[in-house]
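Worksheet: the structure to be examined is printed underneath.
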Amino acid sequence: MPELPEVETTRRGIAPLINNKIIQGIILRTAKLRRPLDPELTNILPGRKIHAVERRAKYLLVRCDGGGLLLHLGMSGNLRVVPASTTVGRHDHVDLVFSDGNCLRFNDPRKFGVLLWTVGDPLTHPLLAGLGPEPLADDLTGDYLYRKSRSRKIAVKPFIMDQKLVVGVGNIYASEALFRAGVRPDRPAGKISRRSYDLLAEEIRQVLGEAIAAGGTTINDFRQNDGKPGYFRQQLRVYGRAGEPCMACESRIISQRLGQRSTYYCPQCQK
DNA sequence: ACGCTCTCCTGGCCGC
DNA sequence: TGCGGCCAGGAGAGCG
């Protein structure tokens, strides 16, 4: 589900609803997400106040007194703020309960999510240590991608999805950005020109920005905090469109398996 | 270091 | 209607 735009959409949805709230308790209904949930959370959290909800890569950072919660939505995670008395549904694994009677409810069918407490600044956690630059900041440039890619044989699509290179580009937006930049996803990263990387860096920023503006992309179950889907799906040009005509040239969109992930591209527009 | 595969988990869909 | 197989928005682990 969530790539950077969906995580950012989630952040913007919940931040005003949980900022400055006091945590009264936490309810853990499963022992284990991608990492085991620490039962100590029930002792650590009560009484702490939330100061900010930030995002780094696809992680959400909920800053509190003395530390912060690090949250990753995995493939299928979803966060909503609801009254704590709301009926618990299937896969509602965690409630962060506030003293105002509401709770932040974490639902994750596939249990690929992560939730853990970090002492001090959550940005210093090892999970975040090796991450690449934020694509929406100015530090993602064509020059950077070009330099990092020299002598790399990996296909450019899995290359730009590597969070150590640049964060936030997942399977949907990787295909979309490569289409917009006119680059075939299976080309070796090291063989792509500086000019193409300039374009690609720009298109990554562009497509992520547009997706955030649309509230993210809903394929199956992603929901914004108000329960509405993300509307960017209508603007996808290649993802999920195998066999359909290219919006630019009418060629049939091709689907190909690359690094175990479905990839979509136009054989005419992308070279 | 790099490139590749497997793995965690559940649900939905497709074909038989 | 049931069942097996495959696929799904992520990413860490382990292998050669």
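What's counted below: heavy atoms across the whole structure, side chains too, no hydrogens, waters or symmetry copies. Sequence lines set the chain letters: A, B, ... in the order given, protein chains first and strands last, and positions in each chain run from 1.
Between the CG atom of A:L33 and the P atom of C:dG10 there is a distance of 17 Å, given to the nearest Å. Put simply, NZ on A:K32 is 15 Å from P on C:dG12, counting in whole angstrom units. Between the CE atom of A:M75 and the P atom of C:dC7 there is a distance of 13 Å, given to the nearest Å. If you take CD1 of A:I219 and C1' of B:dC13, they are 15 Å apart, rounded to a whole angstrom. For A:L128 and C:dA11, the CG to P distance is 11 Å, given to the nearest whole Å. Between the CG atom of A:L208 and the P atom of C:dG9 there is a distance of 16 Å, rounded to whole Å. Computed from coordinates, the A:E3 CD to C:dA11 C1' distance equals 13 Å when rounded to whole Å. Regarding A:D108, its CG atom lies at a distance of 9 Å from the C1' atom of B:dC9, rounded to whole Å.
Spacing of P atoms, B:dT5 relative to C:dC7, comes out at 14 Å, to the nearest Å. Rounded to a whole angstrom, the distance from the P atom of C:dG14 to that of B:dC9 is 16 Å. Nucleotides B:dC6 and C:dC6 have their P atoms positioned 13 Å apart, rounded to a whole Å.
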Protein N or O to nucleotides 10-12 of chain B N or O, pairs below 3.5 Å:
from, atom 1, to, atom 2, distance (Å)
B:dT10, O4', A:P109, O, 3.2
B:dT10, O3', A:H91, NE2, 3.1
B:dG11, OP1, A:R90, NE, 2.6
B:dG11, OP1, A:R90, NH2, 2.6
B:dG11, OP1, A:H91, NE2, 2.7
B:dG11, OP2, A:R90, NH2, 3.0

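Linking Ile, Leu, Val, Met, Phe, Trp and Tyr residues whenever their side-chain heavy atoms come within less than 4.5 Å places A:I212 and A:L236 in a single cluster. Under a hydrophobic clustering in which Ile, Leu, Val, Met, Phe, Trp and Tyr are joined whenever their side-chain heavy atoms come within less than 4.5 Å, directly or via other members, A:I253 and A:M247 fall into different clusters. Note on A:F112: it does not cluster hydrophobically with A:V167, by side-chain heavy-atom contacts below 4.5 Å among ILVMFWY residues.
Pairing for C:dG9 is absent, with no Watson-Crick or G-U wobble pair whose two atom distances lie under 3.5 Å. As the counterpart of B:dC2, C:dG16 is assigned, both hydrogen-bonding distances of the Watson-Crick or G-U wobble pattern falling under 3.5 Å.
Within the structure, every side-chain polar atom (N or O) of A:H72 is placed at least 4.0 Å from both OP1 and OP2 of C:dG10. Of the side-chain N and O atoms in A:R261, one or more sit less than 4.0 angstrom from OP1 or OP2 of C:dG9. Remark: A:R34 is not in phosphate contact with C:dA13, judged by side-chain N or O atoms under 4.0 Å from OP1 or OP2.
In this structure, A:R233 reaches neither bases nor backbone, as no heavy-atom distance under 4.0 Å exists between it and the strands shown. Residue contacts for A:Y239: at a heavy-atom cut-off of 4.0 Å it reaches the sugar-phosphate backbone alone, with no base atom in range.
Side-chain atoms of A:Y59 lie closest to C:dG12 of the nucleotides C:dG12, C:dG9, C:dA8.
A cation-pi geometry, defined here as NZ or CZ lying under 6.0 Å from the six-membered ring centre and within 45° of its normal, does not hold between A:R241 and A:Y239.
No donor-acceptor pair under 3.5 Å is formed between the side chain of A:D38 and the backbone N or O of A:L116. Side-chain atoms of A:R205 come within 3.5 Å of backbone N or O of A:L140 as a donor-acceptor pair. A:N107 places a side-chain N or O within 3.5 Å of a backbone atom of A:R90 that can act as its donor or acceptor partner. A donor-acceptor pair under 3.5 Å links the side-chain atoms of A:E6 to the main chain of A:E3, judged by distance alone.
DNA chain B is contacted by A:R152, A:K153, A:I154 of residues 140-166 of chain A, taking any non-hydrogen atom closer than 4.0 Å.
Residue pairs that meet the side-chain hydrogen bond (donor to acceptor under 3.5 Å, both in side chains) test with at least one member in residues 20-36 of chain A, sequence neighbours left out, are A:K21-A:D100, A:R29-A:D95.
Ring pair A:Y173/A:F232 is tilted by interplanar angle, where 30° to 60° counts as tilted.
In this structure, A:F112 packs face-to-face on the six-membered ring of C:dG10, meeting both the 5.5 Å centre cutoff and the 30° plane limit.
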